[in-house]
**Q** 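The structure follows.
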Amino acid sequence: MTDPSKPSDSSRRTALGLTIAAGTVGTVAVAVPFVASMAPSERAKAAGAPVEVDLSDIKPGEMKRVEWRGKPVWILRRTKEMLETLKVTDSEVADPNSKRSGFPTPEWAQNEYRSIKPEYLVLIGICTHLGCVPVPKFDGPNDPSLPSDWVGGFLCPCHGSTFDLAGRVFKNKPAPDNLEVPPYTYLSDTRLLIGEHKEA
């Protein structure tokens with residue numbers, strides 16, 4: 001006859017099973033975050049990897065900002081009027097043909113537009129003087145920080161370097177070179193891959 005004060009074998013097995021299950025769940029709960037912490041974050045993976053950008057939401061005259069390798073990258077969709085200003089600034093910039101080698105411009109961007117497609121300008125938004133981040137100044141005649149004949153471009157507020165709408169530095173400014181053009185390629189008419197250049 002069994003002693004009612006002692007637990008049965010099945011009760012012991014159930015208790016033991018629940019204890020093991022709880023221990024397993026606890027171990028997994030602790031292990032998952034630990035293992036995940038050892039894997040590189042999405043940000044870390046993106047820091048060195050190419051970045052895909054959707055161009056379809058950029059309206060003419062607007063600029064989109066993304067990050068690649070920890071650097072700000074600008075994608076400016078230039079209007080016809082913006083492209084026309086490059087003829088005006090051509091004689092006013094220090095390196096109109098992007099031939100200086102301090103921040104070399106890829107051969108495929110050594111053209112009037114400094115881009116693969118005239119409509120889209122792709123630049124690293126870091127001044128070549130001391131690494132400040134310039135600000136877009138697309139409308140300028142009424143801005144006291146800009147010359148009266150300003151036709152649009154970028155201003156580095158730290159030391160006054162100005163760049164045209166192709167990222168070319170104006171003459172007699174502290175910045176020694178044009179803004180840098182990163183490697184990039186078009187995956188389609190509306191998709192851009194920053195970080196790799198593939199010939200069409």
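Reckoned from all heavy atoms, side chains included, excluding hydrogens, waters and symmetry mates.
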**Q** If the condition is salt bridge (Lys or Arg N to Asp or Glu O under 4.0 Å), which residues does D149 pass it with, not counting sequence neighbours?
**A**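 With neighbours one apart ignored, the set is empty.
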**Q** Going by the rule side-chain hydrogen bond (donor to acceptor under 3.5 Å, both in side chains), which residues pair with R114 if we only count those two or more places apart in sequence or in a different chain?
**A**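 Once residues adjacent in sequence are excluded, the partners of R114 under the side-chain hydrogen bond (donor to acceptor under 3.5 Å, both in side chains) criterion are S98, T105.
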**Q** Once you measure the plane-to-plane angle for F170 and W150, does it fall in the parallel (<30°), tilted (30-60°) or perpendicular (>60°) bin?
**A**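 Rings of F170 and W150: tilted, as their planes differ by 30° to 60°.
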**Q** List the atom pairs, donor and acceptor, that lie under 3.5 Å between side-chain atoms in residues 118-129 and the rest of the protein, sequence neighbours left out.
**A**
from, atom 1, to, atom 2, distance (Å)
E119, OE2, R77, NE, 2.6
E119, OE2, R77, NH2, 3.1
T128, OG1, D177, N, 3.3
T128, OG1, D177, O, 2.6

**Q** Please identify each residue that fulfils side-chain contact (heavy atoms from CB on, under 4.5 Å) with K80, with sequence neighbours left out.
**A**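 None.
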**Q** Does some side-chain heavy atom of L179 sit less than 4.5 Å from a side-chain heavy atom of W74?
**A**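 W74 vs L179: side chains touch.
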**Q** Is the shortest side-chain heavy-atom distance between L55 and K64 below 4.5 Å?
**A**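 No. Closest side-chain heavy atoms not under 4.5 Å.
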**Q** Run the side-chain hydrogen bond (donor to acceptor under 3.5 Å, both in side chains) test against K99 and tell me which residues pass, sequence neighbours left out.
**A**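 Partners of K99 by the side-chain hydrogen bond (donor to acceptor under 3.5 Å, both in side chains) criterion, ordered by chain and then number, come out as Q110.
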**Q** Has D189 got more than 12 heavy atoms of other residues, nucleotides or ligands less than 6.0 Å from its CG?
**A**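 No.
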**Q** Hey, are the side chains of E196 and P183 touching, using non-hydrogen atoms and a 4.5 Å cut-off?
**A**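 No, their side chains stay 4.5 Å or more apart.
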**Q** Decide yes or no on side chain to side chain contact (heavy atoms under 4.5 Å, CB included) for V93 and V169, but give the supporting numbers first.
**A** CA-CA 6 Å; V93 295; V169 67; over 6 Å; no
**Q** For E52, give me all partners under side-chain contact (heavy atoms from CB on, under 4.5 Å), at least two apart in sequence or on another chain.
**A**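 Here the qualifying residues are L187, R191, L193.
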**Q** Taking all non-hydrogen atoms of both residues into account, name the closest pair between K117 and S115 and its distance.
**A**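 Minimum heavy-atom contact is O-OG, 2.8 Å.
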**Q** Mind checking what makes salt bridge (Lys or Arg N to Asp or Glu O under 4.0 Å) contact with K87, not counting sequence neighbours?
**A**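 K87 satisfies salt bridge (Lys or Arg N to Asp or Glu O under 4.0 Å) with E84 once adjacent residues are dropped.
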**Q** Are H159 and L130 packed together at the side-chain level, in the sense that at least one heavy-atom pair is separated by less than 4.5 angstrom?
**A**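 In short, these two side chains touch, coming nearer than 4.5 Å.
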**Q** E112: which residues meet the salt bridge (Lys or Arg N to Asp or Glu O under 4.0 Å) condition with it, sequence neighbours left out?
**A**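 Scan of E112 (salt bridge (Lys or Arg N to Asp or Glu O under 4.0 Å), adjacent residues dropped) gives none.
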**Q** Any side chain to side chain donor-acceptor pair (under 3.5 Å) pairs touching residues 161-175, not counting sequence neighbours?
**A**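 Listed once each, the pairs are T89-D164, T89-R168, D90-R168, D164-R168.
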**Q** Test of understanding: with side-chain hydrogen bond (donor to acceptor under 3.5 Å, both in side chains), list the residues that count as partners of S56, not counting sequence neighbours.
**A**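 Result, side-chain hydrogen bond (donor to acceptor under 3.5 Å, both in side chains) vs S56: D54.
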**Q** Nearest 0.5 angstrom please: N111 CG to N97 CG, how far?
**A**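 Here the rounded value is 10.0 Å.
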**Q** So, using side-chain hydrogen bond (donor to acceptor under 3.5 Å, both in side chains) as the criterion, who are the partners of E62 when residues are at least two apart?
**A**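 With neighbours one apart ignored, the set is empty.
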**Q** Which heavy atom of L165 sits nearest to which heavy atom of V151, and what is that distance?
**A**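 Looking at all heavy atoms of both residues, the shortest contact is CD1-O, 4.1 Å.
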**Q** Any idea which heavy atoms bring F154 and P134 closest together, and the distance?
**A**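 For F154 versus P134, the nearest heavy atoms are CB-CB, 4.2 Å.
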**Q** If we only count heavy atoms from C-beta on, is the F163 to L155 side-chain gap below 4.5 Å?
**A**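 In short, these two side chains do not touch, never coming nearer than 4.5 Å.
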**Q** Flag the pair F138 / M82 as yes when at least one side-chain heavy-atom distance between them is below 4.5 Å, and no otherwise.
**A**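 Heavy-atom side-chain distance check passes, below 4.5 Å.
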**Q** Decide yes or no for Y184 and W68: does some side-chain heavy atom of the first lie under 4.5 Å from some side-chain heavy atom of the second?
**A**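 With C-beta onward as the side chain, the pair stays apart.
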**Q** If you group Ile, Leu, Val, Met, Phe, Trp and Tyr whenever their side-chain heavy atoms sit less than 4.5 Å apart, what else falls in with F103?
**A**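 For F103, no cluster forms, as it stays isolated from other hydrophobic side chains.
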